[in-house]
Protein chains: 2
Amino acid sequence: MDRRDIFPRSLQYLIAIAEYGSYTRAAEALHVSQPTLSQQIKQLEDYLQSPLLDRSGRSVQLTDAGKIFLQHARRAWGELNIGTRAIQDVQDLSRGSLRLGWTPITDYLTCSLLARYHHLYPGITLSTLDMPQDDIEPAISEARIDIGIAFSKPSDSEEASSNTETFTLFEEALYLAVGDAHPRAKRKKHLNAQDFGKESLVQLNTDFALRHHIDRYCHDYGIEPRNVIETNSLTVIIEMVELGSLATVLPSTIINTQRGLHPIEVVPELPHHTVSMIWHKSGYKSPACLAFLELASEWSSAMLQTKSMQ
Amino acid sequence: MDRRDIFPRSLQYLIAIAEYGSYTRAAEALHVSQPTLSQQIKQLEDYLQSPLLDRSGRSVQLTDAGKIFLQHARRAWGELNIGTRAIQDVQDLSRGSLRLGWTPITDYLTCSLLARYHHLYPGITLSTLDMPQDDIEPAISEARIDIGIAFSKPSDSEEASSNTETFTLFEEALYLAVGDAHPRAKRKKHLNAQDFGKESLVQLNTDFALRHHIDRYCHDYGIEPRNVIETNSLTVIIEMVELGSLATVLPSTIINTQRGLHPIEVVPELPHHTVSMIWHKSGYKSPACLAFLELASEWSSAMLQTKSMQ
DNA sequence: GTCGGTCCATAGTTAAACCCTATAAGTTTG
DNA sequence: CAAACTTATAGGGTTTAACTATGGACCGAC
């Protein structure tokens with residue numbers, strides 16, 4: 001029993017005396033002097049305004065009140081013991097929770113990361129919230145989520161006043177994507193900026209960082225893009241493009257996982273966009289949160305390595 | 001919340017801070033200064049080796065570990081609260097226990113007392129142990145029973161070295177008892193000592209105080225009693241006497257409650273015997289025990305009054 | 001950007017609680 | 001009745017927990 005214990009000494013003493021049936025022997029077992037027990041029990045009895053122990057005879061007996069109180073004291077002691085252990089569980093990641101926020105189009109990239117995390121720490125309760133790009137940072141500031149995952153905006157060089165930290169998971173090149181029936185599907189030639197400007201596009205709306213990258217590219221090269229459809233649904237974009245006549249701009253990873261889509265390089269190269277984790281700089285980070293950050297970091301290196309081997 | 005509480009302050013503080021979401025407001029509510037809370041929570045976190053509260057943001061939030069620990073702390077707090085209340089129950093006699101020991105032949109007298117006690121305090125768990133006269137005092141000394149009820153022995157004037165106290169519940173006169181078919185049943189005349197010595201008797205054995213009274217009487221008057229049957233069962237005595245030819249000596253109360261028995265006065269008068277309660281002098285007496293002693297005392301006065309009115 | 005305002009953390013001091021040794025008081029046993 | 005054992009009491013020293021005063025971080029407003 002530790003010197004400095006959250007559980008009241010007087011109750012520990014009561015429990016021990018009841019167990020040993022003797023002040024003297026309980027004192028030995030507890031490594032305290034016998035008068036200490038006398039004093040503490042007296043105080044406890046004063047507080048409860050009822051005798052708990054009958055020490056008139058040769059052996060110490062519990063009174064009625066003592067018997068009943070002891071039951072509850074034991075249960076309370078047990079609860080605190082369990083609570084102390086449960087904290088250990090949180091720290092070794094056998095329990096806990098993690099709240100992630102990400103934009104809808106990042107999920108196809110990070111689901112494998114999430115699956116791996118869950119496989120490693122099955123006791124952690126995971127919750128993911130789809131939210132617009134611009135909601136992620138406030139959500140972190142207000143502690144509604146622990147970690148955000150999003151594409152970085154073009155302007156996001158270093159936002160000085162932010163109280164968040166970021167980590168780049170990986171970069172992706174952007175390509176023009178067309179369906180099987182699209183005129184450019186078979187040619188597999190690269191496209192120059194002017195030709196790119198003539199394509200009819202299905203695009204994400206301006207809530208998305210990806211769109212900002214493209215708009216900036218167009219502005220830089222004096223292109224007026226022909227945005228036929230705007231949507232906030234990646235599924236809509238893919239479906240529309242697969243129908244044939246429309247094109248879009250997507251990261252290579254998405255294009256390559258969709259059987260009906262074909263990437264076409266644009267020259268000069270469309271900007272890369274980066275997928276980043278973002279979290280609160282000075283706030284408390286739970287063990288579950290730290291474990292995710294570390295795992296994501298490893299996973300990111302592994303991705304880069306895979307990519308470079310291609 | 002009391003100034004001097006058995007429940008650890010640090011846990012009370014944690015609970016309050018979690019409730020108010022603020023050190024400052026919790027401190028106001030608890031009537032302590034804010035630094036006290038800072039210090040206590042810090043110590044608690046040190047002890048548990050885990051942060052419990054996240055005070056990086058504008059409002060104080062529980063960490064994962066804090067959430068889980070708080071649940072257990074609340075439960076422990078509840079247990080001690082219940083325990084404190086339960087003691088009150090013992091003291092107001094809505095809970096408790098009482099162990100009585102008595103000799104088999106006193107039960108006919110005291111069952112009504114027991115029933116009354118149970119009616120007044122239905123929450124008290126009663127247990128009665130039939131035991132020989134001579135076991136009662138040891139049982140009290142060894143705290144196996146709280147109160148004993150027995151007939152006093154003739155020699156029991158004042159036993160100095162005893163650590164027990166006694167209280168005389170009532171005195172009973174002894175009579176010769178005969179059945180319907182007994183020659184003396186119809187005469188209803190009193191009997192002198194010599195004629196008493198000629199009766200064939202069914203008697204309790206010498207374990208019983210009643211028998212000691214009778215033996216001493218016989219010895220004092222030079223009578224050699226004709227003890228045909230000895231037994232430790234009152235039922236056997238009554239059955240045998242009702243059959244007709246045998247007589248016995250019993251207290252008037254028993255004789256009058258048995259339809260087939262008739263009391264016959266003996267001259268000089270047979271000794272009275274007294275029924276006493278006996279309990280430990282210096283030992284702890286539970287509320288249930290004290291209540292019984294008091295009730296028995298009242299009941300005794302009432303019995304005397306009834307008897308004097310006859 | 002800077003200036004208050006609010007909140008929690010830290011430092012230093014005082015009062016109380018806790019534990020110890022020594023000794024007394026009460027029971028039980030030989 | 002004395003010896004042995006057990007719990008209670010007294011007095012002193014150390015630790016703990018409370019307070020006041022102050023510092024540092026964050027948030028909003030001007």
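Throughout, a chain's letter reflects where its sequence line sits, starting with A, and its residues are numbered from 1.
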Checking C:dC20, D:dT9, D:dA17 against the side chain of B:Gln40 (C-beta onward), the nearest is D:dA17
Distance below 4.0 Å between B:Thr24 side-chain N/O and C:dT6 OP1 or OP2:
no
Selected nucleotide, minimal atom distance to A:Pro35 side chain, candidates D:dA8, C:dC18, C:dC8:
D:dA8
On DNA chain C, check which nucleotide each of B:Leu37 and B:His280 is closest to and give me the residue with the more 5' one.
B:Leu37
For A:Gln49, look at atom CD and say whether over 12 heavy atoms of other residues, nucleotides or ligands are found less than 6.0 Å away.
no
Figure out the CD1/P separation between B:Ile41 and C:dT10, and round it to whole Å.
14 Å
Picking from C:dT10, D:dT7, C:dC8, the nucleotide nearest the side-chain atoms of B:Tyr23 would be C:dC8
What is the distance, to the nearest angstrom, from the CG atom on B:Asp54 to the P atom on C:dC8?
12 Å
So, is B:Tyr13 close to the D:dA18 phosphate, meaning a side-chain N or O under 4.0 Å from OP1 or OP2?
yes
Measure OH/A:Tyr20 against C1'/D:dC5 and give the value in whole Å, please.
19 Å
Rounding to a whole Å, what distance do you find between B:Arg25:CZ and C:dT6:P?
12 Å
Please give the angle, rounded to 10 degrees, between the axes at the start and the end of the helix from C:dG1-D:dC30 to C:dG30-D:dC1, where five pairs define each axis.
30°
Ignoring the backbone of B:Gln39, work out which of C:dC19, D:dT9, D:dA17 is nearest its side chain.
D:dA17
Least distance between heavy atoms, B:Phe69 atom then B:Leu52 atom:
CB-CD2, 4.3 Å
If you count heavy atoms of other groups shown closer than 6.0 angstrom to CZ of B:Arg85, is the number above 12?
no
In whole Å, I'd like the distance from the CD1 atom of B:Ile17 to the C1' atom of C:dA9.
13 Å
Closest-nucleotide ordering on DNA chain D, the 5'-leading residue of B:His31 and A:Lys42:
A:Lys42
Is the shortest side-chain N/O distance from A:Arg9 to OP1 or OP2 of C:dA17 below 4.0 Å?
no
Rounding to 0.5 Å, atoms CG (A:Asp130) and CD1 (A:Ile136) come to a distance of 9.5 Å
Euclidean distance, atom CG of residue B:Leu44 to atom P of D:dT16 [Å, nearest integer]:
15 Å
I need the CD-P distance between A:Gln34 and C:dT21, as an integer number of Å.
12 Å
Whole-Å distance between D:dT7 C1' and A:Gln61 CD?
15 Å
Do the charged groups of A:Arg211 and A:Asp215 touch, with an N to O distance under 4.0 Å?
yes
Under 4.0 Å between a side-chain N or O of B:Ser33 and OP1 or OP2 of D:dC19?
yes
Within this structure, what is the OG1-CG distance for the pair A:Thr128 and A:Leu98, rounded to the nearest 0.5 Å?
10.0 Å
Which value, rounded to the nearest 0.5 Å, describes the distance between B:Ser286 atom OG and A:Lys67 atom NZ?
9.0 Å
If the cut-off is 4.0 Å, is B:Thr36 near the phosphate of D:dC19, judged by side-chain N/O to OP1 or OP2?
yes
Tell me whether the side-chain N/O atoms of B:Ser38 come closer than 4.0 Å to OP1 or OP2 in C:dT10.
no
Parallel, tilted or perpendicular, as decided by the 30° and 60° cut-offs, for the rings of A:His273 and A:Phe151:
parallel
